[in-house]
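Below: one structure, written as structure tokens.
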Amino acid sequence: MSQELTRVLIESGVKIALFFVIVLTLIAYLTLAERRVSAWIQDRRGPNRVGPFGLLQPVADGIKFLFKEAITPLNAYRPVYLLAPALIFVPALVTFSVIPVGPPVRLFGYDIPLQIADVDNGVLIILAFASMGVYGVALAGWSSNNKYSLMGGIRSSSQMISYELAMGISLVGVLMATGSLRLNDIVQQQAQRGWNMFWQLPGFIIFLTAAFAETNRLPFDLPEAESELVAGYHTEYSGMRFSMFYMAEYANMITASALLATLYCGGYHVPGLARLGLSGNVAALLGAAAFGVKMGAFLFLYLWVRWTLPRFRYDQLMNLGWKVLLPASLLHLLWVSLIVLKGWV
Amino acid sequence: MRVDFFLLIAGVLFSIGCIGVLIRRNAIVILMSIELMLNAVNLTFAAFANEGQTMTGQVFVFFVMTVAAAEAAVGLAIVIALFRRRKSTDVEDATLLRW
Amino acid sequence: MNLLIGLIFLAGAFAAVRAFWPQRQAVFGLIAGVTGATLLAVERAALLTLQFWAGLIGFIAILSALLVILHPNPMVSVLFLILNLFCVALFYLFLQAQFLAAIQVIVYAGAIMVLFLFVIMLLNLRVEEGLHLTGGVQRPAAFVLGTAFAGVLFWAILHRRDRPFLEPPGSAEGFGTARDLGVLLFGRYLFAFEAASILLVAAMIGAVLLAKRRLQ
């Protein structure tokens, strides 16, 4: 094994482990944040008993999930039933590997990008794995052998397909402005010409709406609408298997927020940072922190919307997806192509 | 790595898809076998594109994928229509137009 | 040594077939088979060769293709077809076609297969429907003809001219990226591209008309 290869392997291994730990911790504390924020919005206190400010609550939840009995329904199709939680959790985590968290850091004499894989087709890989998420939900619904689960699964697969279209087309606007599928190039281009969020506002709003629908969060959480479907696709799951779905929901939220920050809000770019003349590593860390702040803002938006807006009806959801968002994204595409063609940006 | 390896794999996949179309009577599985065959063909196109270092083969893969998407959509719509009429997805049950 | 690896692969394959066959669960056998093969490969430092990975992927591709056509439950067929499509996507990466690999996952695995899944869920086909095989002469004939066809294909592949069909046009820098494909699609193949878009529109209208319960 050559020395270069060893270095790359060690570097990637460390980065993967680091990302994994960070995202999992983030998931754990996002569950706490959700409960605290919801309490705050509803003028309650929320969980504050386990540890200072309830900070150990996720640990307690985790232990509880581990000790619960994992039940398999009698007529469930067992291999698929066991596979489904993994199928929904893995794509959410894998997507994170192509997102650039910060500019390269210089450590031990090497330039180390704060990104697991800087791929040419970054955006396409994200789309590919986003479209994989539907299998977990649909298969969980199908294999549980429960009519509510099945309905949840069918709803989610049609919902995710419908909103993927609008999401993809609004994304094309960003790609046209950059002329590249590499996420680092998209961030660099935004640093030069201003964030996409401002001059592609319609695309941003469409992408944001579609991201809510893709992650099955309120106001689009029809696949698990408890007033109609008990708990939708994960009705029959218990214990650690249920918590996989629970964690996957938060993992999806984190990935979607990171994507929104990268594609539309300049990623790790901080306006005016270059003028301060800070040295490489400090600037890189500040960039990474800025990325964290932007991601956090979107995560808060997710929580805020969930506890503010009521749920859509299913026909309203489909109408919004096909009759409003899809034509709007096509119009937006025309607008962006006009701007790019004329060179106004 | 020789291109022959990919051609062999594609050949095996195509044959399997071919057998699938012939032995299965479930219309959905037959459609899936057709997808299998289209995929094998795509693999040979990509392999030859690599061998000749021309992009034309990859363009062909792109068009085959388009046709596969159209075929799957229409095929599955026919399966749904068939299921409404006959309560079955078995192609043996759809014999009305048989001579 | 190669024989041993082959045997372990076969054991893993057997376990995989058993795991997804109704009433049989041998997931642990599958895991053991794959781990054993990987350990052996590491020992022989084969893990770093492209051949090893290509062989493994090809093996999984063929196995999953067999399960697609032989499993009685269409839902499991869908799952193994997805696995097969992933294997082919990995082969595209071997063949310098990164863009095609991504498109393969997005279009095939992300859209077409979801459509299959959706239809199976909508019709709610259950496992008990069993393996619908054609009876009589057709089944053995299918196997004989299929194997003969495979034989002809292999004969053709093994006896083809050994030199490249087309001369490589110099360097392959940026071969297979979205840009290269886009230049061709919107240049030389523009007419075919537009025709494909018309085909998609026609297919979409046709699908809606066919699947609609009643037309007004």
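Source: prediction; values computed, not measured. Residue numbers begin at 1 in each chain, while the letters A, B, ... track the order of the sequences.
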- Task: Write out, in numerical order, the residues from residues 172-182 of chain A with a heavy atom short of 4.5 Å from a heavy atom in chain C.
- Result: A:G179, A:L181
- Please state whether the side chain, the backbone, both or neither of A:I161 comes within less than 4.5 Å of a heavy atom of chain C. side chain
- Please name all residues satisfying side chain to side chain contact (heavy atoms under 4.5 Å, CB included) with C:E194, sequence neighbours left out, ordered by chain then number. C:L190, C:S197
- Note on the structure: Residue from A:I125, A:L87, A:L139 scoring the most non-hydrogen pairs under 4.5 Å with chain C is A:L139
- Query: Among residues 129-136 of chain A, which ones touch chain C with a heavy-atom distance under 4.5 Å?
  - Reply: A:S131, A:M132, A:V134, A:Y135
- Query: Looking at C:V107, C:I106, C:L115, which has the largest count of heavy-atom pairs under 4.5 Å with chain A?
  - Reply: C:I106
- One option among A:G141, A:S158, A:G168 has the most heavy-atom pairs under 4.5 Å with chain C, and it is A:S158
- Query: Between C:Q104, C:M75, C:M113, which shows the greatest number of heavy-atom pairs under 4.5 Å with chain A?
  - Reply: C:M75
- One should read off an interatomic distance between C:M121 CE and A:I154 CD1, to the nearest 0.5 angstrom, of 5.0 Å
- Query: Does any pair with a residue in residues 160-172 of chain A pass side-chain hydrogen bond (donor to acceptor under 3.5 Å, both in side chains), and if so which ones, sequence neighbours excluded?
  - Reply: A:S162-A:W322
